[in-house]
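To start, the structure under review is shown below, and the notes come after it.
Hydrogens, waters and symmetry mates are skipped; everything else that's a heavy atom, side chains included, is used.
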Amino acid sequence: MSFSNLGLSEKVLAAVAATGYTNPTPIQEQAIPHVLARKDVLGIAQTGTGKTAAFVLPMLTILEKGRARARMPRTLILEPTRELAAQVKENFDRYGAGQKLNVALLIGGVSFGDQDAKLTRGVDVLIATPGRLLDHTERGGLLLTGVELLVIDEADRMLDMGFIPDIERICKLVPFTRQTLFFTATMPPEIRRITEAFLHNPQKVEVSKPATTAVTVTQSQVPAGREAHEKRELLRRLLREAKDLKNAIIFCNRKREVAIVHKSLQKHGFSVGALHGDMDQPARMAALEQFRKGELPLLVASDVAARGLDIPEVSHVFNFDVPHHPDDYVHRVGRTGRAGRTGTAISIVTPLDQKSMVAIEKLIGQSIPRAEGDYEVHADGGEQGDRPRESRGRDRDRSRGGRGKPQRGRDRERSHEPREARHAADAAPSSDAKPAAEARPAREARPAREARPPREARQGSEARHGSRPQANNSHVPSIGRPEPRRQREIDTEPGDHSHLPAFLLRPVRSPAGA
DNA sequence: AAAAAAG
């Protein structure tokens, strides 16, 4: 099967050919002819099945005839998240390059006025998240009475997010006679109900995309203690040691955790961005764009990034937190191994996550092996094994995750002299970068030197992982970003960077240490 | 349990 006999226009076929795609995916093959026949379509398909092109391509063909009038878009596409909406717009830009189409994106968090101006000029395709769309209609800047074709994408997710009342309102504003394309990954009763209300004699198109992960993705789980700082330490180690890591998305369950992990990785010298819904929209777009372009190899994200985002060639997905819902696991892991490429998905699993993992394994129908390597709690002196708690105090993260609330550096230092003495010693090699205000009193620097032996011992234990052949880390330097880190530590809390990956540290015998 | 979306 090729694109050429689906009924798409020459222009659209040329645009598809230009992108290198030759064969339609099953959902495209089934849906496109129905859309072109102006039938309603009920598409049951997960993301990653080529669903977006399944409506974008025929819409482009349909839109070749006719022209948009001011404030009256000809077609409307509803998306649950701003990123997905932006991504659909990119599809129109890509495949519609040869057409003079006006495509407008109506999403929150960005300038209202620009959007309004665009609406005034007339748009062929309006892509929107519900809130901002209703905002525009209520202010009178937008009339939906000219909409010929309505797309409701990711309907089940909209349901999860409480958007269905908004969707129902919007549907009342578009003509009854419009064509409707409705996409959902699942069919819960509430979704079934609204398909009956919104669709007229729909053609059902179902892609058997079992709730499973791609065979090209190597999955593993790594046990961890439940403390967040332990998980962060483990994450850093996994990042350092990951094979063939080109870029990675690190998923957390909570926005707060995203921010913490992001900041922590930054402090440890990683080149990393963040993406969650509490960030302002320009920051969200910038992070995603930098990640897509490869400028940022690492992205810490909430589930806003789990579904639908098309980021080609994500080599690794890390679950910093195991998702509580198994579907989310499938979506997250689906960010890698796309289009037949290989990928790696590594989940950090605490004892509390065991139940979730069982549910995930049941859903995907396979067991997820424990990662190879000594990630277990070891009897032979491992990271979590017989390593004394005191010697782990070197991990500054501990002051946050371990005690619940962030503590100011100074308070910490008074709390436990012996440990902090070592702490100071650890900090010494990189403390040259610190502003004077953060320098520790000399009184504390002195015991630091006396405490050097324990530090060496600990570095040895760290080197157990770091002592792997250099080649193992050879891919990582692009991830590390030593210089900016030294800038950043100024506006984060003072602390020790001795646990940076070996390749990020200046020579072991740095001036301060020699 | 949380995230997402309108300010």
Under 4.0 Å protein heavy-atom contact, by nucleotide of nucleotides 1-7 of chain B - B base, S sugar-phosphate only: BSBBBSS
Specify the closest pair of heavy atoms between A/Val123 and A/Lys118, including all atoms of both residues, with the distance to one decimal. CG1-O, 3.7 Å
How close do A/Ala54 and A/Ile32 get, heavy atom to heavy atom, and via which atoms? O-CG1, 3.7 Å
Should A/Arg193 and A/Glu196 count as an ion pair when the cut-off is N to O under 4.0 Å? no
Axial cation check for A/Phe163 ring with A/Arg157, 6.0 Å and 45° limits: no
Out of A/Ile250, A/Leu238, A/Ile346, which one pairs with A/Phe320 under the side chain to side chain contact (heavy atoms under 4.5 Å, CB included) rule? A/Ile250
